[in-house]
Student: 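Here it is: the structure, laid out below.
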Amino acid sequence: NAGVTQTPKFQVLKTGQSMTLQCAQDMNHEYMSWYRQDPGMGLRLIHYSVGAGITDQGEVPNGYNVSRSTTEDFPLRLLSAAPSQTSVYFCASSYGFNQPQHFGDGTRLSIL
Amino acid sequence: AQSVAQPEDQVNVAEGNPLTVKCTYSVSGNPYLFWYVQYPNRGLQFLLKYITGDNLVKGSYGFEAEFNKSQTSFHLKKPSALVSDSALYFCAVRDILISSGSARQLTFGSGTQLTVLP
């Protein structure tokens, strides 16, 4: 049982480039979310989904897009990378939004 | 709006001594409360949660937390700390009140680095 799998683990981008962070879970969880973790700021919610075809914005959605075409996958797209998006990104999933979340091991992203 | 405060960035404790990591929260309705732990270069791992019922919640690895509604606190505790407990700990809250607007979102505190000294 793989749990929540994030790829890539590390990525360096140049300002203005776009990319997609992948997230997949094999637990048939309906609720999935993306967070960014910055020093001293904890985790901040970027976008979340309560099921296939349904997404909503979190606390810091600007500069990011998501889609949820299947229960298993929830990719995060950076449209035009900026240095302020340098961070560690975590994907999480759970049966519902009041259930414990299962986290991936993160993607460490640097924007030059 | 909902919020969480972890007033201590760093907590140091000697191995074998009791530990406490503090958390206070603010919600419009009643809270769902969680504690997570993060080891270096890993994602967060669930420790325990409070939904309703007994104010003392027991979780993984010998940790427990006490819900105090009057003080709006949910402090994490362990009777006897281990060196292996050294990690970053996060408190998180969600408002039960659906009409609060943020009820589907989990809000995390800024984290407390726990160091257990041998």
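Chain A is the first sequence line, chain B the second, and so forth, proteins listed ahead of strands; every chain is numbered from 1.
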Student: Between A:Asp73 and A:Arg68, does any side-chain N to carboxylate O distance fall below 4.0 Å?
Tutor: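 Salt bridge flag = no for A:Arg68 with A:Asp73.
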Student: Where does A:Val50 contact chain B at under 4.5 Å (heavy atoms): side chain, backbone, both or neither?
Tutor: side chain
Student: Do B:Phe46 and A:Phe103 have ring centres separated by under 6.0 Å?
Tutor: no
Student: Which bit of A:Leu43 is near chain B, if near means a heavy-atom gap under 4.5 Å: side chain, backbone, both or neither?
Tutor: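 The answer is both parts of A:Leu43.
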Student: Which region of B:Ile51, side chain (C-beta onward) or backbone (N, CA, C, O), has a non-hydrogen atom less than 4.5 Å from a non-hydrogen atom of chain A, or is it both or neither?
Tutor: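 Contact with chain A: side chain only.
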Student: Non-hydrogen atoms of chain B under 4.5 Å away: do they reach the side chain of A:Arg44, the backbone, both or neither?
Tutor: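 For A:Arg44, there is no contact with chain B at all, as no heavy atom is under 4.5 Å.
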Student: Checking A:Gln101 against chain B: side chain, backbone, both or neither under 4.5 Å from a heavy atom?
Tutor: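 Both parts, backbone and side chain.
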Student: Only pairs of heavy atoms separated by less than 4.5 Å count here; which of B:Gln113, B:Gln45, B:Arg42 has the most with chain A?
Tutor: B:Arg42
Student: How close do B:Asn68 and B:Tyr25 get, counting heavy atoms only, and between which atoms?
Tutor: O-OH, 4.3 Å
Student: So B:Lys77 and B:Glu66, salt bridge (charged side-chain N to carboxylate O under 4.0 Å, His left out) or not? Walk me through it.
Tutor: CA-CA 8 Å; B:Lys77 299 181 180 183; B:Glu66 186 169 11; 3.6 Å; yes
Student: Between CG of B:Asp95 and CG of B:Leu106, what distance do you get to the nearest 0.5 Å?
Tutor: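 The CG atom of B:Asp95 sits 11.5 Å away from the CG atom of B:Leu106.
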